[in-house]
Amino acid sequence: MLTNIVLLCFALLSNFGTTQSVNKWDGKWFPSIPDGEDRNPIIPFKRTDLTDHKHGIKMGIKDATCDDAKKGLIQDWFKQPENYTCLDNRKLYLPNSYIHPLHTIERIPPHYNAPHACMNETIEYNEIIPTFGTHRPLWGVFGEYKFLPKQRWLHNLEHGAIVMLYHPCADRNEVNLLKKIVKNCLYKHIITPYNLLEPNRPLVLISWGHRLEMSRVAIDLAVKFIKDHAIHGPEKLTKNGQYDFMLLHKAKIVSDINDSNLCPNDNESGITMK
Ligand SMILES: *[C@@H]1O[C@H](CO)[C@@H](O)[C@H](O)[C@H]1NC(C)=O
Ligand SMILES: *[C@@H]1O[C@H](CO)[C@@H](O)[C@H](O)[C@H]1NC(C)=O
Ligand SMILES: *[C@@H]1O[C@H](CO)[C@@H](O)[C@H](O)[C@H]1NC(C)=O
Ligand SMILES: *[C@@H]1O[C@H](CO)[C@@H](O)[C@H](O)[C@H]1NC(C)=O
């Protein structure tokens, strides 16, 4: 160490002011090379309005250069009607009592912070039904959509929402029953079709880190899933979303804005939830 400092001082003293000899020095200059190009640049950490220590890009702020929930939406969805229209044989998607519901838990590292990406970047997922991951800074207004891309609803999940997905060819009675359960259980919900679901389980509930895939609605399991896993996202935030493209119905308050009481209306909904 001492030898290094002595050598450095020697180099500085003997070569000072002569660029030619300075360039012959191949060691590391500290803090930087005198009178020349900085070989060890210290890049200052830039904090712009859109930067956020946790996610990279601040959330919930409309910004035309990053995400304003209006421009460049085709990055996530080409707006094809096939994503919300049944083009397959509906019989393949009929409810089947022999196909058991599947509850998958993803072990999300406790210190995982989901990054935010602007609309100039694509976001891809390894899973067909992701339960966590990178997402857009602006999230969906709570409610039912003609179609909402996953890059949006993943952000709702992070705030404790329940997302319901159904295949466009799924049995309409089953879809309506599951919608009714979700809408009667909590305000913080998203409902959207998703044509990438498998025919054997075309009905899905998701929370941050959990998914429940069903062939037919298991009422008690669906209610238990919502009661156990809703409002448990890593970010407790009640604020509504900003994205409302193809929103059909805004969510209604069930117990209160914080969903303090999940699935309180077992009787009023006309569904036997026991
Ligand atoms: C995308 O846009 C953001 C904000 O304008 C910028 O910080 C980022 O570097 C851009 N990314 C690419 C891949 O161009
Ligand atoms: C829309 O459907 C097509 C065809 O199945 C599929 O490739 C695409 O990933 C879907 N888009 C979204 C956003 O789900
Ligand atoms: C909802 O939660 C927020 C934050 O904890 C709290 O300030 C607010 O009073 C709550 N509102 C209701 C209606 O419970
Ligand atoms: C639901 O019905 C049961 C039995 O009829 C009753 O005891 C209970 O109070 C009712 N709950 C609500 C929220 O109305």
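Both counts, for ligands and for their atoms, begin at 1 and track the order of listing. Given the structure is predicted, the values throughout are model-derived calculations rather than measurements. These numbers come from the heavy atoms of this one structure, side chains and all, not from hydrogens, waters or symmetry mates.
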- Check F147 against ligand 2 and report side chain, backbone, both or neither, counting heavy atoms closer than 4.0 Å.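 Looking at F147 and ligand 2, just side chain atoms fall under 4.0 Å.
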
- Task: Just let me know how K150 lines up against ligand 2, side chain, backbone, both or neither, with a heavy-atom cut-off below 4.0 Å.
- Result: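 Looking at K150 and ligand 2, no heavy atom falls under 4.0 Å.
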
- Task: Using a distance threshold of 4.0 Å (strictly less than), state whether atom 9 (O) of ligand 3 has a protein heavy-atom neighbour.
- Result: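 No, no protein heavy atom sits under 4.0 Å from atom 9 (O) of ligand 3.
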
- Is there a protein heavy atom at a distance of less than 4.0 Å from atom 5 (O) of ligand 3?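 Given the 4.0 Å limit, the answer for atom 5 (O) of ligand 3 is no, no protein heavy atom qualifies.
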
- Donor-acceptor pair, K188 side chain versus H159 backbone, under 3.5 Å?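 Here the side-chain-to-backbone pair exists.
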
- Message: Quick one: does any side-chain atom of D171 pair with a main-chain N or O of E174 as donor and acceptor, under 3.5 Å?
- Response: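 A pair under 3.5 Å: yes.
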
- So F132 and Y112, would you call those rings parallel, tilted or perpendicular, with 30° and 60° as cut-offs?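 Taking Y112 first and then F132, their aromatic rings stand perpendicular (interplane angle over 60°).
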
- Item | Pairwise distance CH2(W208) to NE2(H229) - rounded to 0.5 angstrom |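 If I round to the nearest 0.5 Å, the distance is 15.5 Å.
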
- Query: Does K62 count as lying over the ring of Y243, i.e. NZ or CZ under 6.0 Å from the six-ring centre, within 45 degrees of the axis?
  - Reply: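 Relative to the ring axis of Y243, which defines the angle, K62 lies outside at least one limit.
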
Determine whether the aromatic ring centres of residues [Y] and [X] are separated by less than 6.0 angstrom.
X    : Y    : answer
H189 : F142 : no
Y194 : Y166 : no
H155 : H116 : yes

- Per-atom contacts of ligand 2 with E82, taking only distances under 4.0 Å to non-hydrogen atoms: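 Every atom of ligand 2 under 4.0 Å from some heavy atom of E82: 2 (O), 3 (C), 4 (C), 5 (O).
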
- Message: Only heavy atoms of W77, strictly under 4.0 Å: list the atoms of ligand 2 that pass.
- Response: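 Those atoms are 13 (C).
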
- Message: Under 3.5 Å between any N/O of N195 and any N/O of ligand 2: does that happen in this structure?
- Response: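 Among all N and O atoms of N195, at least one is under 3.5 Å from an N or O of ligand 2.
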
- Message: Is there a polar contact between ligand 2 and N83, counting only N or O atoms under 3.5 Å apart?
- Response: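 N/O-N/O distance under 3.5 Å: yes.
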
- Query: Of the choices N120, T65, D67, which has the non-hydrogen atom that lies closest to atom 12 (C) of ligand 1?
  - Reply: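 It is N120 whose heavy atom sits nearest to atom 12 (C) of ligand 1.
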
Which residue and atom name correspond to the protein heavy atom nearest [atom], and how close is it?
atom                    : value
atom 13 (C) of ligand 2 : D76 O, 3.5 Å
atom 7 (O) of ligand 2  : L196 CD2, 4.7 Å
atom 1 (C) of ligand 3  : N258 ND2, 1.5 Å

